[in-house]
Protein chains: 2
Amino acid sequence: MAPRTACFLVIGNEILSGRTQDANVRVLAQALNHQGIRLVEVRVIPDIPAHIITTVNECRARFDLLFTSGGIGPTHDDITAACIAEAFNVPLICHEESFRQLEALFPAGSFNKARQRMAWLPQGAAPIKNSVSTAPGFSLGNVHVMAGVPRIFQAMVSWLIPQLEAGSPLSSVSWYSYDVYEGDLAEPLTTLQHDYPMLDIGSYPFDAGPKRGVALVAKGYDDQAVSHAGAALKHLLQGLGFTPLEGDPPRPNI
Amino acid sequence: MAPRTACFLVIGNEILSGRTQDANVRVLAQALNHQGIRLVEVRVIPDIPAHIITTVNECRARFDLLFTSGGIGPTHDDITAACIAEAFNVPLICHEESFRQLEALFPAGSFNKARQRMAWLPQGAAPIKNSVSTAPGFSLGNVHVMAGVPRIFQAMVSWLIPQLEAGSPLSSVSWYSYDVYEGDLAEPLTTLQHDYPMLDIGSYPFDAGPKRGVALVAKGYDDQAVSHAGAALKHLLQGLGFTPLEGDPPRPNI
């Protein structure tokens, strides 16, 4: 069975302006791999209601699951809950349990209107718990709304993802060699990809200080096929006279 | 005049699988800010032809400029040029100048078919130069195709972006204080955003080890309005009894 598909919507001007480096895509991707759900697309969009509402409706229809991050705090630029309510055409209502929990947390007099706003969720939403903050994440239909602050996002992902219906986890095997160039591997890799059409066979140049090389990765939801393709990648490097090393290179991200 | 809009398409299974952390969004965002072009959306999509072609056609129609990264090397998963050709409905043809340059670079016998493939560009494309590699970036219409490897991407951005028609650069002022919470600032920030509708007024919690706080940012293409709003942000923090510090907090990304 094909894994269920997911889209991740990062809501935040601060990523688009280059002020902030996103750290959440990787956290969600890895949690979804483990749960056997395929992350098919990520979009980063600004804090503009029409842009958010249109994108939410497009993506919740197109993918099995939609995750969002950002815009759920107490300030004027925190508009995600209101936009989700509008996308689903339901009112924003005070979630009594969340209200009482928030009220209990703040010292007397400081539970002001802005903070009370955090207890207002779209009708029908179920809160997403997290162990580190009062940020009001929630699930509504196939949409899961989480915080943008990475520490809180991570706590929400840890709580939420294991509760979603699981598929076969994504497995992956990597081999790398120094000194090899992608152009030397292109033809045998094409053949290998043809032999394993159900897998992703990828090649990734890396640059680790004075030494550089290429990493080869076989990835997919069929554990046995991944393991066979992995062995073929190793032999491919050996056959060309390079020393295959297992795993990711020292600086896989460059 | 409103700044021109841009979309950035990150093409790559390795970002969606969580194997690689994107580093290019921030580089492009900052270069575009400087050139007065507004980055409105980022999408990360997999190496699947139909997905790439549909997204390219949707986004090049919807935004003034479209930038892509990834998928322009010599291997089987490098399919961006072919997809762009299909999106524009033009053939992929051998770009003679690029072919000769590539041929001159490789030792005799190693300029194989896979490497020759890098000289094939969509008809009408103009190469994007870069100082660090042979990766074949190109521009076609309002679409600019660049490499995924960050070092090469950065070299291409440095060459390309200053040649694009410039608008007023994005200016931005930041003030931050320790100990303050977003919920204490929400009401005056709402008022300030109403006073400066042409700017983005944002508040960003940060967590710098044992100390935490909030950063306030005013951003926009009207330099004078940004400077006035910046002064207002400083006074806002002072008025609540906090010490305003100029610039970004020690760890703005957390």
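Quantities reported herein were computed from a predicted structural model and do not represent experimental measurements. Every chain is numbered from 1, with letters handed out A, B, ... down the list of sequences.
The salt bridge (charged side-chain N to carboxylate O under 4.0 Å, His left out) search around A:E103 returns none, not counting sequence neighbours.
When the heavy atoms of residues 46-57 of chain B are compared with those of chain A, the residues falling under 4.5 Å are B:P46, B:I48, B:H51, listed by number. The interface of residues 181-191 of chain B with chain A, defined by heavy-atom distances below 4.5 Å, comprises B:Y181, B:E182, B:G183, B:D184, B:A186, B:E187, B:L189, B:T190.
The most heavy-atom pairs under 4.5 Å with chain B, out of A:G73, A:G202, A:S17, A:S174, come from A:S17. Top candidate by heavy-atom pairs under 4.5 Å with chain A, chosen from B:V10, B:D22, B:I152, B:L39, is B:L39. Ranked by heavy-atom pairs under 4.5 Å with chain A, the list B:L32, B:V42, B:T75, B:L28 is led by B:V42.
Residue pairs meeting the ring-ring contact (aromatic ring centres under 6.0 Å, His included) criterion with at least one member in residues 4-49 of chain A, sequence neighbours excluded: A:F8-A:F153.
Within the 4.5 Å cutoff, side-chain heavy atoms of B:Q21 are placed close to those of A:Q21. Counting only heavy atoms from C-beta outward, the side chains of B:I201 and A:D77 never approach each other to under 4.5 Å.
Within 6.0 Å of CD in B:E41 there are more than 12 heavy atoms belonging to other residues, nucleotides or ligands. B:Q35 CD: more than 12 foreign heavy atoms inside a 6.0 Å radius. Atom CG of A:D223 has 12 or fewer neighbouring heavy atoms from other residues, nucleotides or ligands inside a 6.0 Å radius. At most 12 non-hydrogen atoms from other residues, nucleotides or ligands lie less than 6.0 angstrom from CZ of B:R38.
Only the side chain of B:Q193 comes within contact range of chain A, with heavy atoms under 4.5 Å apart. Within the 4.5 angstrom heavy-atom criterion, only side-chain atoms of B:V217, from C-beta onward, approach chain A.
Under the 3.5 Å distance criterion, the side-chain polar atoms of A:R26 are matched with a main-chain donor or acceptor of B:R19.
Summarising the geometry, atom CZ belonging to A:R151 is positioned 4.5 Å from atom CG belonging to B:D207; distances are rounded to the nearest 0.5 Å. For the atom pair CG of B:N13 and OH of A:Y204, the computed distance is 5.5 Å after rounding to the nearest 0.5 Å.
Closest non-hydrogen pair, B:I15 versus A:V25, comes out as O-CG1, 4.1 Å.
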